[in-house]
Amino acid sequence: MEQTIQVGLDERSYPIVIGTGIFRRIGTMLHAAGLAKRYAIISDDRVASLYGRQLQEMLHQADLVGELLTFPHGEASKRLDTIEQLASRLAACGFDRKDGLIALGGGVTGDMTGFLAAIYMRGIPFVQIPTSLLAQVDSSVGGKTGVDLPQGKNLLGAFYQPRAVFIDAEVLRTLPREEFLGGMAEVIKYGASIDAEFFAWLDRQREAILALDPSALVPMIRRCCELKAKVVEQDEREGGLRRILNFGHTIGHAVEAASGYRLMHGRAVAIGMRAVAELAARTGMADPSVADSIARLLRAYHLPTDIPPELDRAALRSYLSVDKKTVGGRIFFVLPEQIGRVSITDRVEEADIDAVLNAGCHPC
Ligand code: GLY
């Protein structure tokens, strides 16, 4: 059975439907939503080979049309070129504003499809069917869409909300294990930064979650979506509060970039969360036990907690300075005060930042 959470954004409000077996009922659900009769299903080649035909068939059974448009999998596809190619294919197939897009896949697919939906014919409806844990608990909700530039990730984009999000926990069975664990970093982020009870629950439910038991996965995903929806409802365009969702991402993005994107996003975020917790301890904002608890839970989910010793610290430092979260030359950090509570500050001594970044580096 499914559960529904509403993201309340006035005329841009939408449901997030979460459960198991959603995929098999998706045609009926889309039909009931009444958004469009014809959809372009945007998916990468890998996810399309697993679920593309099945989704087309589900739409067909519900008297809807689904054209499958694919692109090569991977972050390298997340660029303006791909958007232009997809838009040309939409135009060639005669898609207009009465039609809709479906993002079928992980974060790259969701971000690109949302951006395409925002700009194609100045905006057409789109729905998200996220198939990675990261997309299910984070990127499919909240309307951040975009593509990368050679200078950095997500530098071109728009806030554009989906009309619905359909999350089927069963599809996580086909997700590579490393990607599932990477997604767990984003899950732990919610507990560590907003919800101490959830943090403790994640510790207790470790075995069931790692075994992909739906009775643990569904409430886990639902809690993340509830927490994210609450934040987005209060601050859709990241004027303030939404920045707490970047917990672990400021240093995480720099670690990811300094690794030449060889380190997976979730693993980099895990390292970033531990690093800011150490920073909070150094600045006296948090007890050192906070960093220990975060590191312990991350390790319990097989996630790394240390900046790799071989990572070039000068490169890391310079990536940190060009991150989008830098405002007027100051780096804003989301620091934990305790488990479940963070604050945003640009008042961190350079020496403390350097000490945290240089930890474990040999030779420095
Ligand atoms: N992933 C952070 C946000 O959506 O704001």
Side-chain angles (χ1 to χ4, degrees), residues 5 7-9 12-14 16 18 75 78 103 105-115 117-118 126 128 130-148 152-162 164-165 167 179 182-195 198 220-257 264-273 276 303 323-327 331-336 342-344:
I5 296 166
V7 184
L9 289 168
R12 282 165 293 102
S13 299
Y14 54 94
I16 307 170
I18 306 162
E75 186 80 26
K78 196 176 157 185
V108 167
T109 301
D111 287 7
M112 279 211 299
T113 306
F115 188 46
F126 87 110
Q128 293 265 19
T131 58
S132 72
L133 181 60
L134 180 142
Q136 294 188 341
V137 298
D138 185 22
S139 61
S140 67
V141 175
K144 277 191 183 174
T145 74
V147 292
D148 302 337
K153 285 176 72 166
N154 301 321
L155 291 182
L156 281 181
F159 286 99
Y160 192 69
Q161 300 294 341
V165 182
I167 300 176
E179 276 195 51
M184 281 308 301
E186 298 286 353
V187 172
I188 292 169
K189 172 190 83 173
Y190 289 105
S193 60
I194 321 182
D195 186 344
F198 184 51
M220 177 185 90
I221 297 166
R222 189 196 59 218
R223 186 64 188 145
C224 294
C225 290
E226 272 169 4
L227 291 167
K228 180 146 189 187
K230 274 194 202 128
V231 172
V232 170
E233 283 167 358
Q234 292 171 70
D235 179 21
E236 185 183 3
R237 291 179 165 250
E238 202 168 289
L241 178 73
R242 187 165 177 170
R243 286 197 271 170
I244 65 174
L245 298 176
N246 295 326
F247 178 61
H249 285 62
T250 308
I251 293 179
H253 276 162
V255 166
E256 198 181 354
M264 187 184 279
H265 176 74
R267 295 175 72 80
V269 168
I271 291 168
M273 285 193 279
V276 284
L303 288 162
D323 192 85
K324 281 199 301 317
K325 293 154 206 79
T326 306
V327 180
I331 305 171
F332 280 78
F333 289 100
V334 186
L335 298 186
V342 290
S343 69
I344 300 168

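Excluded from the calculations below are hydrogen atoms, water molecules and symmetry mates; all remaining heavy atoms, backbone and side chain alike, are included. Order of appearance sets the numbers: ligands from 1, and atoms from 1 within every ligand. These numbers come from a predicted model, not from an experiment.
Interface atoms of ligand 1 facing Arg242, defined by a heavy-atom separation under 4.0 Å, are 3 (C), 4 (O), 5 (O). Proximity to Asp138 (heavy-atom distance under 4.0 Å) selects the following atoms of ligand 1: 1 (N), 2 (C), 4 (O).
Note: Tyr160 and Phe126 have parallel aromatic rings, judged against thresholds of 30 and 60 degrees for the angle between ring planes.
For ligand 1, one of its N or O atoms has an N or O atom of Lys144 under 3.5 Å away.
At least one heavy atom of Lys228 sits closer than 4.0 Å to an atom of ligand 1.
At least one side-chain heavy atom of Ile194 sits under 4.5 Å from a side-chain heavy atom of Val231. Between Lys144 and Arg242, some side-chain heavy-atom pair lies under the 4.5 Å cut-off.
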Query raised in the report: Going through the distances and angles, do Lys230 and Glu226 end up as a salt bridge (Lys or Arg N to Asp or Glu O under 4.0 Å)?
Result: CA-CA 6 Å; Lys230 274 194 202 128; Glu226 272 169 4; 5.5 Å; no
